[in-house]
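As structure tokens, the structure follows; a few thoughts come after it.
So you know, we letter chains A, B, ... as the sequences are listed, proteins then strands, and number each from 1.
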Amino acid sequence: MPSSSRPFTDPLLRWYERHGRHGLPWRATERSPYELLIAEVLLQRTTAAAVSGAYVPFVTRYPTPEAVVAAPSDEIEDRIAPLGLSKRAGFIERCSGQLLARHSGKIPRCRYELAELHGVGAYTARSVAVHAFGEDVSAVDTNVRRLISRFFGLECDSDAIAVLADEIAPSDRSSDFLYAMLDFAADVCTSRNPECGDCPLGDDCVSTGLASDNAD
DNA sequence: AATACGGGGAT
DNA sequence: ATCCCAGTATT
């Protein structure tokens, strides 16, 4: 992590310790890599609030890839349906089969092997690598993209965002840092009507004060 | 490089 | 009524 990024990372981590969404069920300690992978798939284009209700019943009913493969397809689909993008039910089934066939039911640590799994793209692979295995990278989703583009003044669709996100990830706290960016972007640096007023990053944010979104 | 998938909450 | 959400697979 370059020292020049500390005006970003330090206040962000401090904010996270105080105001982060620490109660989200997939963040509980002792979640297995498989359980984290399931959470990430359910969270694709889906709000944390929506997933939080369905998550515990899901991983309780299907605690392993074996349980997914053994279960009736329509039953899994019924649990995904309220979240939308119900084809993810099929993703999870196929992914679970691949986990059994290729990795003897375990979640691989390598994010490129992770991304070979059905329903697991670059983002989800990185996310699992960070939260399950502590890899020193970032995962750029909608929230992180918006936050970094605003703070550093980068174009929203710039490839530089992903590069920068990796560079500034603190090697010893990559998971907390990612959660911190997600929570901060969801609660303060929101898509519409960001709370720039009492933003703890305000002094150094390129876009501070221009309350219109889409900071570039 | 576009497009389909999607229900639910916020504005 | 429209926008948005911890994206990915498929044209």
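- Nucleotides C/dT11 and B/dG6 are separated by 14 Å at their P atoms, to the nearest Å.
- Taking CG of A/L83 as the reference point, atom CG of A/L42 lies at 6.0 Å (rounded to 0.5 Å).
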Any protein N or O atoms within reach of nucleotides 7-11 of chain B? Criterion: under 3.5 Å, listing atom names and distances.
residue : atom : partner : partner atom : Å
B/dG7   : O3'  : A/P82   : O            : 3.4

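- Between A/R146 and the phosphate of C/dC4, there is no side-chain N or O to OP1/OP2 separation shorter than 4.0 Å.
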List the atom pairs, with distances to 0.1 Å, where a side-chain N or O of residues 71-78 of chain A and a protein N or O form a donor-acceptor pair under 3.5 Å, not counting sequence neighbours.
residue : atom : partner : partner atom : Å
A/S73   : OG   : A/E93   : OE1          : 3.4
A/S73   : OG   : A/E93   : OE2          : 2.7
A/E75   : OE2  : A/R61   : NE           : 2.8
A/E75   : OE2  : A/R61   : NH2          : 3.2
A/E75   : OE2  : A/Y62   : OH           : 2.6

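- Set against C/dC5, C/dA6, C/dG7, the side chain of A/Q44 has C/dG7 as its closest nucleotide.
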Side-chain atoms of residues 106-117 of chain A: list all donor-acceptor pairs with protein atoms under 3.5 Å, sequence neighbours left out, distances to 0.1 Å.
residue : atom : partner : partner atom : Å
A/R111  : NH1  : A/E135  : OE2          : 2.4

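- A/W26 and A/A39 get closest at one heavy-atom pair: CB-CB, 3.5 Å.
- Taking atom CG of A/D78 as the reference point, atom P of B/dG6 lies 14 Å away to the nearest angstrom.
- For the pair A/D141 and A/A115, both in contact range of DNA chain C, the more 5′-proximal nearest nucleotide belongs to A/D141.
- Atom CD1 of A/I92 is separated from atom P of B/dC5 by 19 Å (rounded to the nearest Å).
- In this structure, A/L42 atom CG and C/dG7 atom P are separated by 12 Å, rounded to whole Å.
- Taking 4.5 Å as the limit, every side-chain heavy atom of A/D204 sits out of range of all side-chain heavy atoms of A/P11.
- The ring-ring contact (aromatic ring centres under 6.0 Å, His included) search around A/Y34 returns none, not counting sequence neighbours.
- Atom CE in A/M181 sits about 11 Å away from atom C1' in C/dA6, given to the nearest Å.
- Residue contacts for A/R145: at a heavy-atom cut-off of 4.0 Å it reaches no nucleic acid atom on any strand shown.
- When the C1' atom of C/dA6 is taken as reference, atom NE2 of A/H131 falls 9 Å away, rounded to whole Å.
- Taking atom CG on A/L43 and atom P on C/dT8, their separation rounds to 12 Å, with Å as the unit.
- Residues from residues 116-129 of chain A lying near DNA chain B, meaning a heavy-atom separation below 4.0 Å, are absent.
- Straight-line distance from the CZ atom of A/R94 to the P atom of C/dA9: 9 Å, rounded to whole Å.
- When the C1' atom is used for both B/dA1 and C/dC5, the distance is 23 Å, rounded to whole Å.
- Atoms CZ (A/R88) and P (C/dT10) sit 15 Å apart, rounded to a whole Å.
- Nearest heavy atom pair, residue A/V69 against residue A/G97, reads CG2-N, 3.9 Å.
- Donor-acceptor pairing under 3.5 Å is recorded for the side chains of A/T46 and A/R88.
- Across B/dA10 and C/dA6, the matching P atoms stand 13 Å from one another, rounded to whole Å.
- The distance from atom CZ of A/R45 to atom OG1 of A/T142, rounded to the nearest 0.5 Å, is 5.0 Å.
- Every residue two or more places apart in sequence or in another chain that forms a ring-ring contact (aromatic ring centres under 6.0 Å, His included) with A/F8 is listed here: A/F151, A/F152.
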